[in-house]
Amino acid sequence: MADHDEMLTTNPFDDDHFHEECAVFGIFGHTEAAAVTALGLHAMQHRGQEASGIVSFDRDQFHDHRALGQVGTIFSSKDVISRLKGTAAIGHNRYATTGEVALRNVQPLYGDFEFGGLAICHNGNLTNSFQLRSQLVRRGSLFQSTSDTEVIIHLLATSLRRTVVERMIDALRQVEGAYSLAALSKDGLIGVRDPLGVRPLSIGRLGDSWILASETVAFDIIGADFVRDVDPGEMVIINEAGLQSIRPFGLKRPARFCVFEHIYFARPDSVLDGRSVYEVRKRIGRELAKESPIEADTVIPVPDSGVPAALGYSVESGLPFELGIVRNHYVGRTFIEPTDQIRHLGVKLKHNANRAFIEGKRVILVDDSIVRGTTSTKIVEMVRAAGAREVHVRISSPPTNHSCFYGIATPERDKLLASRFDVEGMAEYIGADSLAFISIDGLYRALGLAGRDPVTPAFCDACFTGDYPIPLLDHDQGNVATQLSLIAEIA
Ligand code: AMP
């Protein structure tokens, strides 16, 4: 889910904090539903660290708790968990950019409808939410938050259909975009993936209870079994009768799962789309070594995101893998923002070069992506200052040349280093002796395919190719003006 005003006013890459997408979780039929949800959210903390929330249902009433911060703090108190009564719950970790991190935007969102209460949480980004929002506002809907997810709430409320499921189908047929949703009503738990399945959503079982989660690591933490992924365009309805599957969007279209989940977003111990994220990342590293070999002494990952690809590069090239950069794991949001004077000292909060090892070596640095080039520039400079003789950078994604409109924070296109320079220019900008990216076909090979099929590519790779599989309706209609006027309306 995305926030309309935040997308306009802030840039997630303006600070040094780790930014991810959202995580959704849902459980039906467990006596400790809220506690299990908190654990699942904890395993998916990497997908969102700004805020979390849980809504539970005890067959009579809904209970909720939402707060800014991380799961371990928000749900650490027994009181909080014991107030979240019931055998069904949904939960959400929110990834937001800086700007307005307001409690009113923290999911799950909840509404009281004609049919009773419903809570909903969303991972992804709708591409026509501004248009829908302005129509709804014109018809009298009063929005409480700035989140695109709230559009779904109002579409549910204004639908003339009878049941929750029928209204949900009615609502989702009007939205465009990428979404994996979990919703909870008195009639049960609903999980949905958009027709192209851009964002992940998996089904698990823990004893007799059913679980929905963005990533399979959420099953591991609670000892649940992975059953299968929710299919693209599938809606699953879970209640006392079990799990029922429907396909509300008509003809099945070829799936376009987000390839960047494999490259960077998901945890390496997750299995996405039937593929081990760790294995894929290692194979990308191997492909990269085949495509862009270079004489050097050692392969060094930029931790943590570059580790599996660096391992693969090392195996394929025969060069030793070493921890030449060490990451401080205690860099968090609570750290005092440095003053300008301290910032100018070039404080290395997150990464430090392992000088004793690096000195005099020709190193290959492996990272997952270059977005604006800030990280690579800093790291190359740091490794040189630690005495490296040569610094070669290898990136386990193709150049990030286009913004994502499907739920991954990317700066405006003109801020992307790859849209400003060719590879040689980028190498110069980051100060590397050489720079190479995995080719798009190499990436698809690492995913077990022959290459990228130009007619029906198996993944959404719009950030590399500019091939956007879902229409960018708000964007194409001059979103800035629309967004601004809408924000004025809701302000
Ligand atoms: P930059 O410093 O702007 O070039 O960003 C590149 C670094 O940010 C890489 O090391 C990635 O690990 C990380 N990264 C890539 N995509 C994202 C994203 N959408 N949100 C946050 N971090 C990202």
Side-chain angles (χ1 to χ4, degrees), residues 1-2 6-7 10-23 45-50 93-99 123-125 178 198-199 258-268 277 281 284-285 288 300-310 325 327 329 331 333 346 348-351 365-383 393-421 423 425-432 435 437-438 443 460-464:
M1 67 103 226
E6 288 172 14
M7 290 198 305
T10 61
N11 185 329
F13 288 86
D14 275 351
D15 66 14
D16 248 357
H17 297 120
F18 194 63
H19 290 286
E20 292 265 33
E21 306 172 55
C22 301
Q45 186 74 82
H46 61 289
R47 295 182 74 86
Q49 301 163 358
E50 298 283 345
N93 286 338
R94 177 168 187 254
Y95 146 61
T97 55
T98 48
N123 170 207
N125 190 32
V198 175
R199 297 278 145 244
C258 168
V259 78
F260 209 59
E261 292 268 358
H262 275 295
I263 291 167
Y264 170 76
F265 278 116
R267 259 175 62 162
V277 174
R281 287 181 191 169
I284 299 176
L288 194 49
I300 293 175
V302 177
D304 292 329
S305 51
V307 173
I325 298 169
R327 172 163 170 204
H329 285 269
V331 184
R333 298 233 61 149
K348 297 171 199 84
L349 274 186
K350 196 164 160 189
H351 294 116
L365 292 179
V366 180
D367 202 359
D368 65 277
S369 57
I370 293 181
V371 182
R372 289 197 321 185
T374 323
T375 311
S376 310
T377 307
K378 266 199 210 167
I379 300 262
V380 170
E381 194 187 317
M382 192 176 76
V383 169
V393 176
R394 297 292 177 269
I395 301 292
S396 66
S397 62
T400 304
N401 207 345
H402 304 268
S403 301
C404 177
F405 296 92
Y406 306 139
I408 289 176
T410 7
E412 290 288 314
R413 187 159 185 228
D414 59 3
K415 302 266 176 8
L416 299 172
L417 201 63
S419 77
R420 298 168 55 203
F421 301 105
V423 176
M426 291 171 85
E428 201 176 312
Y429 182 93
I430 65 168
L435 169 67
F437 295 82
I438 185 86
L443 173 62
C460 175
D461 52 20
C463 49
F464 309 129

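For this chain, numbers begin at 1 and follow the sequence in order. Treat the numbers as computed from the prediction; the structure is a model and nothing was measured. Order of appearance sets the numbers: ligands from 1, and atoms from 1 within every ligand.
Formation of a donor-acceptor pair under 3.5 Å by the R413 side chain with backbone atoms of N401 is found in this model. Using a distance-only test at 3.5 Å, with no hydrogens or angles considered, a donor-acceptor pair links the side chain of R281 to the main chain of I263. Judged by distance alone, with hydrogens and angles left aside, the side-chain atoms of R199 form a donor-acceptor pair with the main-chain N or O of Y406 at under 3.5 Å.
Ligand 1 places these atoms under 4.0 Å from at least one heavy atom of T374: 1 (P), 2 (O), 3 (O), 4 (O). Every atom of ligand 1 is numbered from 1 in the order shown, and the set under 4.0 Å from a heavy atom of G373 is 1 (P), 3 (O), 4 (O).
Under the 4.0 angstrom criterion for non-hydrogen atoms, S376 is not in contact with ligand 1. Ligand 1 does not have V302 within reach: every non-hydrogen atom of the residue lies 4.0 Å or more from it.
Proximity of D368 to ligand 1, defined as any heavy-atom pair under 4.0 Å, is confined to the side chain (atoms from C-beta onward). With a 4.0 Å cut-off on non-hydrogen atoms, I408 touches ligand 1 through its side chain and not its backbone. Of all the heavy atoms of D367, the ones lying under 4.0 Å from any atom of ligand 1 belong exclusively to the side chain.
For ligand 1, none of its N or O atoms has an N or O atom of F260 under 3.5 Å away. For ligand 1, the polar-atom distance check against I370 finds no nitrogen or oxygen pair separated by under 3.5 Å.
To the nearest 0.5 Å, the span separating CG on N125 from SG on C404 amounts to 7.5 Å.
Note: F265 and F260 have perpendicular aromatic rings, judged against thresholds of 30 and 60 degrees for the angle between ring planes.
Scored by the salt bridge (Lys or Arg N to Asp or Glu O under 4.0 Å) test, D368 finds no partners at all (sequence neighbours excluded).
Among S396, C404, C463, S369, the residue whose heavy atom sits closest to atom 9 (C) of ligand 1 is S369.
Between I379 and V393 there is no side-chain heavy-atom pair separated by less than 4.5 Å.
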